[in-house]
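Report on the following structure.
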Amino acid sequence: MAIAERIDCMECGGTAYLAQPIGPEDDFEPGDSVVYLCGECAQRWDVVVDEDDLIDD
Ligand SMILES: [Zn+2]
C-alpha cells in the first residue's frame, strides 16, 4: 500500500508534503506514523496512517 505524498494543510489551506522520502518499495500499514510539513506555513503534521490514507496501487 502507498500513501499520499501531499495533504491539504489544515492550518492555512496550503499543501503539506511528506517529510520523509518514500520509494516504490516502501509499504505503509494502518498504525504507522508519518510526518508532513506544510510548504506555506511550515506547520508540522504527525499523521497516524489509517486505511483511508492508503492508496491502492
Ligand atoms: Zn500550512
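As the structure lists them, so they are numbered: ligands from 1, and atoms in each ligand from 1.
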Side-chain donor/acceptor pairs under 3.5 Å, residues 9-34, sequence neighbours excluded:
{"unit_1": "D26", "atom_1": "OD2", "unit_2": "G23", "atom_2": "N", "d": "2.7"}
{"unit_1": "D27", "atom_1": "OD1", "unit_2": "M1", "atom_2": "N", "d": "2.8"}
{"unit_1": "D32", "atom_1": "OD2", "unit_2": "E29", "atom_2": "N", "d": "2.9"}

>> Does atom CD (E5) have a neighbourhood of more than 12 heavy atoms from anything else shown, all under 6.0 Å?
In response: no
> Can you list the residues that meet the side-chain contact (heavy atoms from CB on, under 4.5 Å) rule with D52, with sequence neighbours excluded?
Replying inline: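 If we apply the side-chain contact (heavy atoms from CB on, under 4.5 Å) test to D52, skipping adjacent residues, the hits are D50.
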>> Give me the number of protein N, O or S atoms whose distance to the Zn ion (ligand 1) is under 2.8 Å.
In response: 4
> Quick one: salt bridge (Lys or Arg N to Asp or Glu O under 4.0 Å) partners of R6, sequence neighbours excluded?
Replying inline: none
>> Starting from I7, can I reach L37 by hopping between I/L/V/M/F/W/Y residues whose side chains sit under 4.5 Å apart?
In response: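 L37 and I7: separate clusters.
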